[in-house]
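One structure is given below, encoded as C-alpha cells.
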Amino acid sequence: MAHLENLVLCRESQVSTLQSVFGERQHFSFPSIFIYGHTASGKTYVTQTLLKTLELPHVFVNCVECFTLRLLLEQILNKLNHLSSSEDACPTHITCETFNDFVCLFKQVTKAESLKDQTVYIVLDKAEYLRDMEANLLPGFLRLQELTDRNVTVILLSEIVWEKFRPNTGCFEPFVLYFPDYSIGNLQKILSHDHPPEYSADFYAAYINILLGVFYTVCRDLKELRHLAVLNFPKYCEPVVKGEASERDTRKLWRNVEPHLKKAMQTVYLREISSSQWEKIQKDDTDPGQLKGLSAYTHVELPYYSKFILIAAYLASYNPARTDKRFFLKHHGKIKKTNFLKKHEKTSNHLLGPKPFPLDRLLAILYSIVDSRVAATANIFSQITSLVTLQLLTLVGHDDQLDGPKYKCTVSLDFIRAIARCLGLTLDLVNENFQEWDPSTHTFNTTVLP
C-alpha cells in the first residue's frame, strides 16, 4: 500500500513479512509473534501503524503500566469488551484474577458479532516484564489460540532476544521477527521527512546531515535524534531568517550552529535541563559553564555510609595496597622508608588514574575511617551496588569471578573533597602522592614519601 509506505519508512521488509504472516482478515494467523530489536528501532510504531491502517481489531497493552497479573488481564479484557460493544453502549468493567478466568472471559468477549470471522490481535509491549510474573503466563499467551479456540494472535514486543524468554520446561515457539538498528542512511531519510513546510527539503536535509555528523557516533536513538533536530533547528536557520545568509550557504550556517550542538552534547542529550531552559539558553547565548545541570555540581545526595564507602574507594584506587598498613593502622610499627617508591610510583597517582581494588580491601579501609562499628550487612553491600549503578564506582571484570569482585572509583578529587566536607572531614590533597588517615583528628594528612 502506497499510504503505508509513506507512513513507515525504511521498514519495508518487516512490514511485508508481517502482512504475509497476518494473511487475510478471516484466516487464522500465527498463534504468537515475537518481535525484538533495540530501543527506537520502530517495533511499536510499525506494529501499531500496520494494525490501524489495515483496520484490524486489536488491543495494545504496555507491560510496564500493567505490572501485576490482574492489571494486565483486566486491561486486555476491558479493551476487547470496548471493541465488541456498540458506541452508544457503556461496557461493564470486567474483573479477572487468574489466567484460567481470563481464558473463560476471553471466550465470552470474543463471541460478539463485531469480532467474529476475523483475527483479534493482542499486542504486549515491553514483554520482557512478563518473565517476572507467574510462570504460566508467558506459555499461556503463546498458546492462547489453542486454549480459547478463537482466531487470536498474540504479538510480543521486546528489546531482548527470544532465548532469554524461553522457559526451562519448554513452550510453544512463536514466529520470531528481528528489527535491526537504523543505519545512518535510514536516519537521514526518516529525519529529513520531518522538514518544516516553510523550508525546502534540501535545506532541512543538509541540516540533518550536519546533526548526524555530530551525534551519530554517540547517539543512534531515533527519538533522541528527532528531539535534538527539532530543538536546534531554529538556531541553524537563524542567519537565513535575519537575511545574513542564504539556504545554500552551508559553511556559514555550520559555523553558527556548531557551538550550540556542542552545548547540546553536554546538556540536552543527558537530560540535565528541560527543553524550555535549553531554548532560553540559546536565545541568551549563555555560556555552557553557567548551566545548572548535574555536571555543574561537585556532589550528589548520598546515604550516610555511602559517602564513607566512596571515600574509602577513592583511597583504595589511588593508594598502593602495600601502603594500607602504614596509612590506616594506628600502631603499624616501623617501616623502612628507603627505596619505598618504585620508579613508576614517583609519578602522581592522580595522573596515572584509578587502580582496581578488591571488595575486602574496600571494607577494610571503610572500617578504619568510620568511628562506629560497621557490620558487613546486606545494607552495606546494597549501597556498594547502588554506587556502581550511579556509575560512581565501576565493576572491573565479571561479577561472577571466583576471587571476588573488583572495583574502580570513577569520581574526581573535587567530588571527594565535597563529600568529605559534608561529613565534617578535612581532605588535604594538593601535591601529595598518598593520603594518610588520622583517626584521632578525623583528617587525611599529606604524606609525601621519598
Side-chain angles (χ1 to χ4, degrees), residues 298-337 340 345 349-350 352-429 432-449:
T298 56
H299 73 282
V300 294
E301 290 299 324
L302 294 171
Y304 180 71
Y305 283 117
S306 291
K307 295 177 182 178
F308 280 104
I309 292 171
L310 200 55
I311 292 174
Y314 186 85
L315 295 173
S317 276
Y318 288 95
N319 282 336
R322 58 190 179 82
T323 62
D324 289 351
K325 182 178 179 182
R326 172 179 184 144
F327 293 153
F328 300 111
L329 286 182
K330 192 171 184 180
H331 304 289
H332 52 68
K334 293 183 179 180
I335 296 180
K336 191 176 181 181
K337 291 188 177 181
F340 190 83
E345 288 178 349
N349 286 335
H350 295 105
L352 296 174
K355 302 293 189 299
F357 55 87
L359 178 61
D360 293 342
R361 186 177 172 219
L362 172 65
L363 295 176
I365 297 176
L366 173 66
Y367 298 151
S368 67
I369 65 176
V370 179
D371 282 340
S372 57
R373 176 67 180 168
V374 182
T377 60
N379 184 31
I380 295 296
F381 292 117
S382 66
Q383 291 189 44
I384 295 174
T385 305
S386 298
L387 292 175
V388 173
T389 304
L390 292 170
Q391 298 183 358
L392 302 177
L393 297 182
T394 301
L395 185 63
V396 179
H398 298 287
D399 53 1
D400 58 349
Q401 55 190 9
L402 297 178
D403 56 347
K406 290 186 177 181
Y407 302 91
K408 271 186 183 181
C409 183
T410 58
V411 300
S412 63
L413 178 56
D414 291 335
F415 194 100
I416 291 296
R417 280 199 179 109
I419 289 180
R421 202 177 302 119
C422 294
L423 296 172
L425 306 177
T426 303
L427 196 63
D428 184 16
L429 310 172
E432 71 288 4
N433 278 342
F434 302 101
Q435 301 83 48
E436 182 172 1
W437 169 252
D438 188 348
S440 60
T441 60
H442 292 80
T443 59
F444 293 89
N445 297 330
T446 299
T447 302
V448 182
L449 298 175

Hey, does Leu392 have a side-chain heavy atom less than 4.5 Å from the side chain of Cys409? no

Heavy atoms, side chains only, cut-off 4.5 Å: are Leu423 and Tyr304 in contact? yes

Given the options Leu315, Asp360, Asn319, Val370, Ile365 meets side-chain contact (heavy atoms from CB on, under 4.5 Å) only with Leu315

Are any side-chain N or O atoms of Ser382 and backbone N or O atoms of Ala378, one a donor and one an acceptor, separated by less than 3.5 Å? yes

How about Ile384 and Leu362: do any of their side-chain heavy atoms sit closer than 4.5 Å? yes

Under a 4.5 Å cut-off applied to non-hydrogen side-chain atoms, are Ile309 and Gln383 in contact? yes

Flag the pair Leu302 / Leu387 as yes when at least one side-chain heavy-atom distance between them is below 4.5 Å, and no otherwise. yes

So do the side chains of Tyr407 and Thr394 get within less than 4.5 Å of each other, counting heavy atoms only? no

Can you see which heavy atom on Ala313 is nearest to which on Phe357, and at what distance? O-CE2, 3.5 Å

Once rounded to the nearest 0.5 Å, what's the spacing between atom CD1 of Ile311 and atom CZ of Arg417? 12.5 Å

Kindly compute the distance separating CD1 (Ile419) from CG (Asp414), expressed to the nearest 0.5 Å. 11.5 Å

Quick one: are Phe381 and Leu363 in side-chain contact, heavy atoms under 4.5 Å? yes

Do side-chain atoms of Ser317 reach the backbone of Lys355 as a donor and acceptor pair under 3.5 angstrom? yes

Check whether any side-chain heavy atom of Leu393 sits under 4.5 Å from a side-chain heavy atom of Thr410, and report yes or no. no

To the closest 0.5 Å, what do you measure between CZ (Phe308) and CD1 (Ile380)? 11.0 Å

Distance (rounded to the nearest 0.5 Å) between Leu413 CG and Ile416 CD1: 8.0 Å

Search all heavy atoms of Val396 against all heavy atoms of Lys408 and return the closest pair with its distance. CG2-CG, 3.8 Å

